[in-house]
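Indexing begins at 1, ligand by ligand and atom by atom, following the structure's order. If you're wondering where the values come from, they're calculated on a predicted model, not measured in any experiment. Residue indices begin at 1 and follow the sequence shown.
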Amino acid sequence: MHAPASLQSTVVNGQPCVLPSTPSASTTLLHVLRNDLSLNGPKYGCGLGQCGACTVLVDGVAARACVIPAHGAAGRDVTTLEGLPARCGKGHGLHPVQQAFIDEQAAQCGYCLNGMVMMAVALLERNPDPDEAAVRSELSANLCRCGTHVEIIRAVLRAAVLMREAQT
Ligand code: FES
Ligand code: FES
């Protein structure tokens, strides 16, 4: 089955997006990513745009995929957690932000981490040298029910160092 023409132009993780099903007007980008494209990095949390678990990058900007209609991604460049290594020029392995989260053991259950990592990538692409206040501000609307915020903030600051070092 062919996807609607408007959705065929969507690029997901550097690849033209071909959908196996035709989304209705109420189908969200998160649904298409997880259910049709098997990209399970973005998580379903609240489904209301309030927790950040579903965060992806749309044209390089962090966005909540649970409240974006699938047709709203037409013509856009979407990056999920799975696309991060290629985004930093690596064909495989981990993005420095992912590595920093591991280094700082910034997880308990891990459910919020997709959103935290994607927000951190968006921040560090805009601002390679944020201070702690900037990191706190960026992540303030992302929920972590396990209370891992201190380690997460440390991980983002460590990631900034790793990314700057990688460019020298
Ligand atoms: Fe999208 Fe909570 S699942 S913001
Ligand atoms: Fe469990 Fe953040 S580590 S919600």
Side-chain angles (χ1 to χ4, degrees), residues 7 10-13 17 19-21 23-85 87 93-126 130 132-163:
L7 281 167
T10 302
V11 173
V12 178
N13 296 336
C17 174
L19 299 175
S21 62
S24 70
S26 61
T27 302
T28 65
L29 176 59
L30 180 62
H31 179 98
V32 170
L33 293 173
R34 289 182 57 86
N35 293 43
D36 293 337
L37 301 180
S38 298
L39 294 168
N40 294 316
K43 298 289 182 282
Y44 185 91
C46 63
L48 297 169
Q50 294 177 354
C51 74
C54 63
T55 302
V56 298
L57 303 182
V58 178
D59 294 338
V61 177
R64 301 195 164 187
C66 71
V67 289
I68 297 174
H71 59 77
R76 302 298 190 84
D77 188 346
V78 177
T79 302
T80 69
L81 189 74
E82 291 86 347
L84 289 186
R87 193 173 179 86
L94 297 175
H95 187 284
V97 172
Q98 295 170 297
Q99 185 61 57
F101 272 68
I102 292 171
D103 293 344
E104 294 292 343
Q105 299 187 22
Q108 290 191 49
C109 79
Y111 205 81
C112 69
L113 285 195
N114 170 75
M116 298 294 186
V117 167
M118 299 307 287
M119 291 295 291
V121 170
L123 169 65
L124 297 177
E125 288 186 357
R126 284 198 325 271
E132 184 175 326
V135 175
R136 284 179 180 273
S137 170
E138 186 78 4
L139 299 182
S140 62
N142 279 57
L143 304 184
C144 173
R145 296 177 63 159
C146 298
T148 319
H149 301 84
V150 171
E151 290 83 359
I152 288 171
I153 289 163
R154 244 185 355 235
V156 178
L157 293 169
R158 183 186 186 103
V161 174
L162 292 179
M163 288 176 72

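Here is the list of ligand 2 atoms found below 4.0 Å of a heavy atom in C109: 1 (Fe), 3 (S), 4 (S). Close approach to Q108 involves these atoms of ligand 2, each under 4.0 Å from a residue heavy atom: 3 (S). Listed by number with element, the atoms of ligand 2 under 4.0 angstrom from any heavy atom of T148 are 3 (S). Atoms of ligand 2 found under 4.0 Å from any heavy atom of G110 (numbered from 1 in listed order, with element): 1 (Fe), 3 (S). Residue contact check: C112 has heavy atoms under 4.0 Å from atoms 2 (Fe), 3 (S), 4 (S) of ligand 2.
Checking C144 against atom 2 (Fe) of ligand 2, an N/O/S atom falls under the 2.8 Å cut-off. The distance from atom 2 (Fe) of ligand 2 to the nearest N/O/S atom of C146 is not under 2.8 Å.
Without hydrogens or angle criteria, N13 side chain to T80 main chain gives a donor-acceptor distance under 3.5 Å. At distances below 3.5 Å, not a single donor-acceptor pair connects side-chain atoms of T148 with backbone N or O atoms of E151. Side-chain atoms of T10 come within 3.5 Å of backbone N or O of A73 as a donor-acceptor pair. No donor-acceptor pair under 3.5 Å is formed between the side chain of S137 and the backbone N or O of A134. Using a distance-only test at 3.5 Å, with no hydrogens or angles considered, no donor-acceptor pair links the side chain of R136 to the main chain of I153.
Atom 4 (S) of ligand 2 has R145 N, 3.3 Å as its closest protein atom, hydrogens excluded (heavy atom only).
Applying the side chain to side chain donor-acceptor pair (under 3.5 Å) test to pairs two or more places apart or on separate chains, none has a residue in residues 37-61.
Crowding of Q108 atom CD: a count of heavy atoms from other residues, nucleotides or ligands under 6.0 Å exceeding 12. Remark: R126 CZ is packed, more than 12 non-hydrogen atoms of other residues, nucleotides or ligands lying under 6.0 Å away.
Note: E138 CD to M116 CE = 11.5 Å, rounded to the nearest 0.5 Å.
With V12 as the fixed residue, the side chain to side chain contact (heavy atoms under 4.5 Å, CB included) test singles out one of V56, L29, L33, T79: L33.
Legend: protein N/O/S atoms lying under 2.8 Å from atom 2 (Fe) of ligand 1, waters omitted, number 2.
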